[in-house]
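Here is the structure we will look at, set down as structure tokens.
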Amino acid sequence: MSVVADLVERSNRLGSDPRNTNYAGGNTSAKGSATDPVTGGPVELMWVKGSGGDLGTLTEAGLAVLRLDRLRALVDVYPGVDSEDEMVAAFDYCLHGRGGAPPSIDTAMHGLVDASHVDHLHPDAGIAFATAADGEALTKECFGDRVAWVPWRRPGFQLGLDIAEVKRRWPRAVGVILGGHGITAWGSTSEECEAHSLEIIHAAQAFIHERGRPEPLGPIVAGYQALPESARRERAAALAPVLRGLASTDRRQIGHFTDNEVVLDFLSRARHPTLAALGTSCPDHFLRTKVRPMVLDLPGSASLAETVTRLTELHTAYREEYAAYYVRHAAPDSPPMRGADPAIVLVPGVGMFSFGANKQTARVAGEFYVNAINVMRGAEAISTYTPIDESEKFRIEYWALEEAKLARMPKPKPLAARIALVTGAGSGIGRAIAHRLAAEGACVVVADCDGEAATRVAGELGDTDVAVDVVADVTDPAAVREMVRAASLAFGGVDLVVNNAGLSVSKPLLETTEADWDLQHDVMAKGSFLVSREAARAMIAQRMGGDIVYISSKNSLFAGPNNVAYGAAKADQAHQVRLLAAELGEHGIRVNGINPDGVVRGSGIFAGGWGAQRAAVYGVPEEELGAFYAQRTLLKREVLPEHVANAVFVLTAGELSHTTGLHIPVDAGVAAAFLR
């Protein structure tokens with residue numbers, strides 16, 4: 001197996017176990033010889049995980065490739081720690097060929113250490129040693145001369161020189177504990193390097209387990225234990241939109257909720273407020289979680305109203321303290337403050353809410369804080385948790401290199417950080433809408449009474465960071481409440497609701513039964529009302545406005561034959577648009593409608609019998625119904641589900657920010673249905 005293939009496999013094994021390193025944390029490298037395509041002779045190269053990659057999913061394309069002779073020659077021109085950032089730019093002049101992925105700040109650590117293979121990881125047990133008050137002594141006690149201690153230093157060229165010096169001076173050492181940060185290990189082969197990394201991690205875990213004191217986080221505090229699961233989830237669903245609104249004061253965020261045992265136990269313990277206030281230590285942690293979380297100081301038994309009031313007060317205080325933190329440490333050339341809202345909110349008895357620009361970022365922030373809790377527990381078990389100084393955290397959080405990395409990120413899509421809920425999304429128009437909204441950056445809740453269809457469409461959109469499926473009968477108030485709760489638990493709330501669920505029965509008046517009438521009005525008129533009511537509650541709690549879109553119909557205006565129940569239900573929906581636009585405008589919630597006509601291809605309604613019924617009314621074969629509808633329009637074009645989805649996007653993407661109470665025809669031009 002090649003050097004590169006070995007490196008990728010080792011990286012994937014190490015990165016797939018969260019006990020070894022966090023998502024996108026750490027890096028691995030391998031050195032070897034290749035043929036220089038210019039000279040035809042051998043050239044010594046190093047392959048190292050590039051900036052921003054993840055070890056668990058690393059591929060060859062994620063590796064930076066550098067010439068070792070040029071990289072090591074940088075030692076001779078290194079001007080010192082005051083010019084660290086210049087060295088990262090210098091790595092570009094060491095690249096081999098196209099160079100692969102951009103080199104990370106840790107490249108020097110790998111290139112300067114005299115070993116063929118190097119791993120740098122962020123295991124919870126290793127960081128527990130790294131953040132212990134007497135970490136150096138504990139490292140000696142646990143590892144002897146197998147592992148050395150390197151005091152905290154910001155990642156960069158000098159840290160690489162420090163580790164390289166340890167490797168030279170400690171011939172028996174297989175790695176180091178990096179104060180406040182993580183571990184680095186090395187080996188002459190890929191297998192040996194991986195074995196040394198795991199040796200350090202497992203020895204640290206065993207030491208904490210065997211030598212650690214019981215209840216390192218303090219005793220359980222009465223009233224702060226986890227609420228029963230059903231009560232916990234209900235409270236979380238109620239709080240999620242409120243917290244998302246608070247966390248989006250500076251910029252809109254997506255939320256993630258975690259109530260695993262690690263979080264719930266931490267929040268039940270007496271020392272959790274003190275430890276949380278100390279903040280995280282590993283740079284990967286606090287870059288995702290901010291220096292410290294916002295912590296509710298009430299038990300889970302507090303009323304919802306009391307909890308919301310207190311969270312609002314704490315949020316104001318958090319923003320003031322974060323602004324003061326920025327002022328305390330900012331230099332004249334520091335980047336502007338990026339935002340003062342918390343990324344992590346801890347609620348005793350309930351769990352943890354984490355926030356980010358998208359679902360993955362929010363989820364990973366929560367995962368990192370779980371890592372941080374494990375670190376605090378481990379450090380407190382064997383010593384006293386002592387993270388790096390606040391000033392050092394600021395230097396990394398507002399590092400020019402970090403700012404440059406953020407500047408390289410692609411421009412957000414139009415619906416980024418928006419949460420969409422689409423009813424009847426398992427087929428036809430709803431499916432097309434769900435696809436369009438997800439493609440434009442929205443997180444999508446795919447709701448349908450057909451659970452298999454909802455699951456299938458959600459899977460088409462991507463993983464659960466993009467879409468979740470919900471089985472929902474929109475005629476059932478309890479099911480509708482649960483649907484909106486699911487959106488809140490999955491993504492933090494809801495911003496954009498599309499009332500698309502529908503069905504139709506085409507019969508003459510004298511053949512239309514009460515059951516026909518009730519069914520169509522229950523699904524479309526009552527169902528839209530129930531969904532809008534529950535969604536509006538969440539939107540009002542968020543205080544970020546929102547969009548409600550009704551997929552009505554040309555038939556809300558046009559009096560067609562054999563269509564009394566369907567047409568009346570659609571007219572009900574059309575007037576709901578006007579009524580709710582007038583009522584919800586003060587909350588910044590815009591309500592608009594779309595009037596399609598003749599959407600035959602891909603339509604669940606037409607496939608369910610409506611097409612055959614309408615074809616019979618007009619005296620055309622069912623397979624020609626779409627063409628028939630097209631010929632009666634002004635544009636002579638058939639309307640497809642994608643055309644309706646386009647209209648939903650136009651209404652909600654921001655360009656029509658001052659439009660509410662509008663109905664947009666998507667019917668290729670039906671003069672009899674013109675709005676008057």
Side-chain angles (χ1 to χ4, degrees), residues 233-258 289-290 293-298 302-323 338-347 350-359 361-363 365-366 412 415-421 441-445 481 483-497 532-548 580 583-591 652 654 657:
R233 306 291 283 188
E234 183 175 353
R235 176 59 63 90
L239 290 177
V242 175
L243 288 171
R244 178 170 176 248
L246 294 174
S248 299
T249 298
D250 287 323
R251 60 183 60 87
R252 187 182 292 269
Q253 303 281 285
I254 294 294
H256 177 72
F257 174 66
T258 305
T289 67
K290 285 197 166 172
M294 185 175 108
V295 185
L296 177 65
D297 51 3
L298 293 175
S303 70
L304 179 61
E306 183 183 7
T307 297
V308 169
T309 297
R310 184 58 180 150
L311 285 168
T312 304
E313 295 169 349
L314 289 169
H315 177 253
T316 299
Y318 185 98
R319 287 177 58 83
E320 292 173 352
E321 168 52 30
Y322 187 87
R338 298 192 193 102
D341 296 313
I344 303 291
V345 179
L346 302 175
V347 180
V350 178
M352 172 174 59
F353 300 83
S354 52
F355 299 95
N358 53 51
K359 174 64 176 185
T361 302
R363 174 178 55 78
L415 297 179
R418 299 284 298 280
I419 303 165
L421 190 160
C443 297
V444 181
V445 179
R481 283 194 297 272
M483 178 178 66
V484 176
R485 282 183 57 190
S488 296
L489 289 173
F491 300 118
V494 63
D495 304 307
L496 194 169
V497 170
S532 296
R533 185 180 66 179
E534 289 305 312
R537 286 188 174 125
M539 291 178 185
I540 291 169
Q542 288 175 159
R543 299 184 180 183
M544 293 192 292
D547 283 285
I548 300 176
L580 297 187
E583 181 175 341
L584 298 176
E586 66 177 288
H587 301 290
I589 300 171
R590 304 179 317 117
V591 188
T652 59
S657 61

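On a predicted model such as this, the values are computed, not experimentally measured, just so you know. We're numbering straight along the sequence, starting at 1.
With hydrogens and angles ignored, the 3.5 Å screen pairs a side-chain donor or acceptor of Ser248 with a backbone N or O of Gln253. At distances below 3.5 Å, not a single donor-acceptor pair connects side-chain atoms of Arg244 with backbone N or O atoms of Ser488. The closest donor-acceptor contact from the side chain of Thr289 to the backbone of Ala365 lies at 3.5 Å or more, if one exists at all. Between the side chain of Asp250 and the backbone N or O of Ala340 there is at least one donor-acceptor pair closer than 3.5 Å.
Tested against Met539, the residues Leu584, Val497, Leu496 include a single side-chain contact (heavy atoms from CB on, under 4.5 Å) partner, Val497.
Distance check: Lys359 NZ to Ile254 CD1 gives 8.5 Å after rounding to the nearest 0.5 Å. Summarising the geometry, atom CD1 belonging to Ile548 is positioned 10.5 Å from atom CG belonging to Leu421; distances are rounded to the nearest 0.5 Å. Taking CG of Asp547 as the reference point, atom CZ of Arg590 lies at 4.0 Å (rounded to 0.5 Å). Interatomic distance, His315 NE2 to Leu296 CG, rounded to the nearest 0.5 Å: 14.0 Å. Atom CZ of Phe257 sits about 5.5 Å away from atom CZ of Arg233, to the nearest 0.5 Å. One finds the OG1 atom of Thr249 at 9.0 Å from the CE atom of Met544 (value rounded to the nearest 0.5 Å).
When all heavy atoms of Val444 and Phe491 are compared, the pair lying nearest together is O-CE1, 3.9 Å. Taking every heavy atom of both residues into account, Gly356 and Thr361 meet most closely at CA-CG2, 4.0 Å. Closest heavy-atom contact between Leu489 and Ala236: CD2-CB, 3.7 Å. In terms of heavy-atom proximity, Thr652 sits nearest to Arg418 at O-NH1, 3.1 Å. A pairwise comparison of heavy atoms in Thr307 and Leu239 identifies CG2-CD2, 3.9 Å as the closest pair. The two residues Ala362 and Gly255 have their closest heavy-atom pair at CB-C, 4.1 Å.
Around CD of Glu583, the count of heavy atoms belonging to other residues, nucleotides or ligands within 6.0 Å does not exceed 12. Other residues, nucleotides and ligands contribute over 12 non-hydrogen atoms within 6.0 Å of the CZ atom of Arg319.
Side-chain contact between Met352 and Ile344 is present, with at least one heavy-atom pair separated by less than 4.5 Å. Side chains of Glu534 and Arg485 form no contact here, defined as non-hydrogen atoms less than 4.5 Å apart.
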